[in-house]
Protein chains: 2
Amino acid sequence: MKRERHPTLFDVARHAGVGTTTVSRVINGGSRVSPKTLEQVRRAIDELGFVPNLAARVLKGEQSKTIGLIVPSIADSFFASCAEAIQKVARSFGSLVVVTVTHNDPALEMENIQTLFRRADGLLIAPSDSNNPKLIGRLTRLSIPVVCFDRPLHDERIPAVLTDNYHSAKTATRHLLQHGYKRILCLGGEAAFHTMEERVRGYEAAMRDANRPTTIDISAHDPSSEEIAAMLARHLTGKAPPRAVFCLKNATTIHTYDALQRFGMHIPQQVALVGYDDFLLAATLRPSITVIQQPVEEIGRKAAKLLFERLAAKADHSSLLRAESHAKNVRLKSRLIVRASCGCREFNVDGLPVSQKLQGGALAATTEM
Amino acid sequence: MKRERHPTLFDVARHAGVGTTTVSRVINGGSRVSPKTLEQVRRAIDELGFVPNLAARVLKGEQSKTIGLIVPSIADSFFASCAEAIQKVARSFGSLVVVTVTHNDPALEMENIQTLFRRADGLLIAPSDSNNPKLIGRLTRLSIPVVCFDRPLHDERIPAVLTDNYHSAKTATRHLLQHGYKRILCLGGEAAFHTMEERVRGYEAAMRDANRPTTIDISAHDPSSEEIAAMLARHLTGKAPPRAVFCLKNATTIHTYDALQRFGMHIPQQVALVGYDDFLLAATLRPSITVIQQPVEEIGRKAAKLLFERLAAKADHSSLLRAESHAKNVRLKSRLIVRASCGCREFNVDGLPVSQKLQGGALAATTEM
DNA sequence: CTGTTAGCGCATTCAT
DNA sequence: ATGAATGCGCTAACAG
């Protein structure tokens, strides 16, 4: 941890016996430099272990080679996977990713934007509220490009990468209807999120098409395990108990599975279940859980690529205006992963039968320890 | 996306009718400035919406208010949770976190270090290889503080925040032994990682203490679901099949559960199971899975705090040397979460009975859809 | 092709 | 208590 002074452009120039401009040209591609001096300078750079000082570059108006990522949480597997994909794209463009967390708190979110917009070349954000005018105002007024993902911002100027929440929720619901279930409960939380609204709309549309009454139970916040259990208990003991449950998000699905199991209700014989968002053990649980699977990595990748596209367009002053008007949202397709909880017969992801006996020998003895 | 020029210190100075030095003093705490001018300058800052240019500050030798985080993967729930905790601490110190990913590839790791060491005030890293001399050399020669977490670096000069892998693996194994199981299989992957070595040592120690022979099956890489199934099948059909399995990591535990289920083996009646690392559905699976639970957030928090401590010490030139010698590793305690897969009776986390009947009404009819 | 020079925005002596 | 001047390392005019 010594206070070693890093070699500067000037040091390299002196060492190579040239001017600073030449060195600058070399580290920026080396065009308009004679092969001979190019070689000289390169050697000098190597020998001194010179690394350009980014702060000086940024001060000169260059890019910081950093993009900001603003998400509700990193610990959430969905956003973590997005982040990983984003990081990968950024790396391929020579950029770093700084991550900040909002917990869906608009104040924190605004603070993050404030911190980031002077330090990053662009922003990737999953906005807490698609309609918040303050947020929209701030984001549109930013001098760096912004791309939303997972959740849109209701403003023409800001592009977003989304999945087809409406259609896939409709597909999921229709699948349950095709099983013959008439009363299907739609369960979830965080009602205000755009994604949730869309999914509910999809559910409603499917039910309407089938002439079935809807039952929707969504709390404002993200319901805890206990809350889900209570909600379920209320519905199951009512006069028209649901024959199937469509869960609007990952955690809800898990809590529902958990509660039904505790209630001693058989899935899918007594209550069928379809969830939104795939999860690690969805195929391992018994019964395995049928879910809508979003292309998580693809969301992050697309969003990041879009951002770097706009960044390039910005550098290219001419195409800037064109990029501006291109603020179309990208919609990615989700898939229904049919497993057993919906009532389809049990099978593995690989198509193997569930009970796969050991070959070549008896099972381990259970009598002796 | 207009090319609006941000107001500078000079703009504020002119607007407030003072010199740049005064403004600088104000934004840096405002000491040695008369209350009157302080107020004036503050108003000018507000009116112009002045935000200090970080690049200029960094160029002046100030801190970049950024720390680098180098992890094998962000998508991994363990590191994601660490990252979240780290981010939180960093925020409390006014710093941002830039995240890079190594996939345990030493080359990528070195590249990340190279990119980060000029842009960050300090580094938090989960090193891919605790013994890699090249890595150690680079890291000790760095001019910024470095703190390892989850995995140590075998060098006195670099502190690490770790958990007690050895002891908790020993505890887990002993728990299985106390159930009376004699043949306990130790299953896992990524044998070269320090964490794995420690856990194996713990397993071995417990078995040795009990005078039981050890059976260890660990592949060099992270075994896939199929590989785990094959490994298990081999052992279960052997002449001395294991009565219990101790899984060295999260994914292995899940794959083992999955395979045993497919084999039609009852847990824990035929084969008991204890895993390392808790996971979201460990309590929800049937049987619920007994695991060693690491204090994930605490690891991240402690590591980040340690880093900022060293950062502060560095600023404080005097205490620098003292901090250097303090490079002691921090060891955090893990806990054995007893659930059902080990053979202890089934119960919930909250102590509720497993089968919790619905109150106030009959169960939903199953005859009618 | 190559070198000289002038800032980018800020913190910091050193005066006053 | 305050301000003028200097330089952090780099890029880009603008000469040669």
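Computed from heavy atoms alone, side chains included, the values below leave out hydrogens, waters and symmetry copies. Every chain is numbered from 1, with letters handed out A, B, ... down the list of sequences.
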> Do any pairs count as a ring pair (Phe, Tyr, Trp, His ring centres under 6.0 Å) and have a residue in residues 110-152 of chain A, sequence neighbours left out, and if so which ones?
Replying inline: A:Phe117-B:His6

>> Please classify the nucleic acid contact of A:Thr21 as base, sugar-phosphate, or nothing, using heavy-atom distances under 4.0 Å.
In response: base

> Which of residues 24-39 of chain A sit near DNA chain D, with a heavy atom under 4.0 Å from it?
Replying inline: A:Ser24, A:Ile27, A:Asn28

> What is the ring orientation for A:Phe308 with A:Phe93, classed by angle as parallel under 30°, tilted 30 to 60°, or perpendicular over 60°?
Replying inline: parallel

> What is the distance from atom CG of B:Leu123 to atom CG of B:Asn112, rounded to the nearest 0.5 Å?
Replying inline: 9.0 Å

> Hey, are B:Glu297 and B:Arg301 close enough for a salt bridge, meaning a charged N less than 4.0 Å from a carboxylate O?
Replying inline: no

> Are any of the side-chain nitrogens in A:Asp46 or A:Arg43 under 4.0 Å away from the carboxylate oxygens of its partner?
Replying inline: no

> Going 5' to 3' on DNA chain D, which nucleotide is the first and which the last to come under 4.0 Å of a heavy atom in chain B?
Replying inline: D:dA1 to D:dG9

> For A:Glu111 and B:Arg91, what are the C-alpha separation, side-chain angles and deciding distance, and is it a salt bridge (charged side-chain N to carboxylate O under 4.0 Å, His left out)?
Replying inline: CA-CA 11 Å; A:Glu111 184 191 307; B:Arg91 197 182 103 81; 2.2 Å; yes

> Do A:Arg57 and A:Asn28 have side-chain N/O donor and acceptor atoms under 3.5 Å apart?
Replying inline: yes

> What is the 5' to 3' range of DNA chain C, first to last nucleotide, that sits under 4.0 Å from any heavy atom of chain A?
Replying inline: C:dC1 to C:dG9

> Atom OG of B:Ser73 and atom CD of A:Glu84: how far apart are they, to the nearest 0.5 Å?
Replying inline: 4.0 Å

> For the residue pair B:Leu311 and B:Gln63, what are the closest heavy atoms and their distance?
Replying inline: CG-NE2, 4.1 Å

> Is any NZ, NE, NH1 or NH2 atom of the basic residue among A:Arg42 and A:Glu39 found under 4.0 Å from an Asp or Glu carboxylate oxygen of the other?
Replying inline: no

> A:Ala90 and A:Ile67: which non-hydrogen atoms are nearest, and at how many Å?
Replying inline: CB-CD1, 4.2 Å

> Are the side chain of B:Asn104 and the backbone N or O of B:Ser128 linked by a donor-acceptor pair below 3.5 Å?
Replying inline: no

> Checking side-chain contact (heavy atoms from CB on, under 4.5 Å) against B:Ser81, which of B:Ile86, B:Asp76, B:Val296 comes through?
Replying inline: B:Val296

> Between CZ of A:Phe79 and OG1 of A:Thr102, what distance do you get to the nearest 0.5 Å?
Replying inline: 8.0 Å

>> Can you give me the bend angle of the helix from C:dC1-D:dG16 to C:dT16-D:dA1? Use the axis through the first five pairs and the one through the last five, nearest 10 degrees.
In response: 40°

>> Please list, in numerical order, the residues of residues 11-19 of chain A that have a heavy atom closer than 4.0 Å to any atom of DNA chain D.
In response: none

> Which distance, rounded to the nearest 0.5 Å, do you find between the OG1 of A:Thr115 and the CZ of A:Arg118?
Replying inline: 12.0 Å

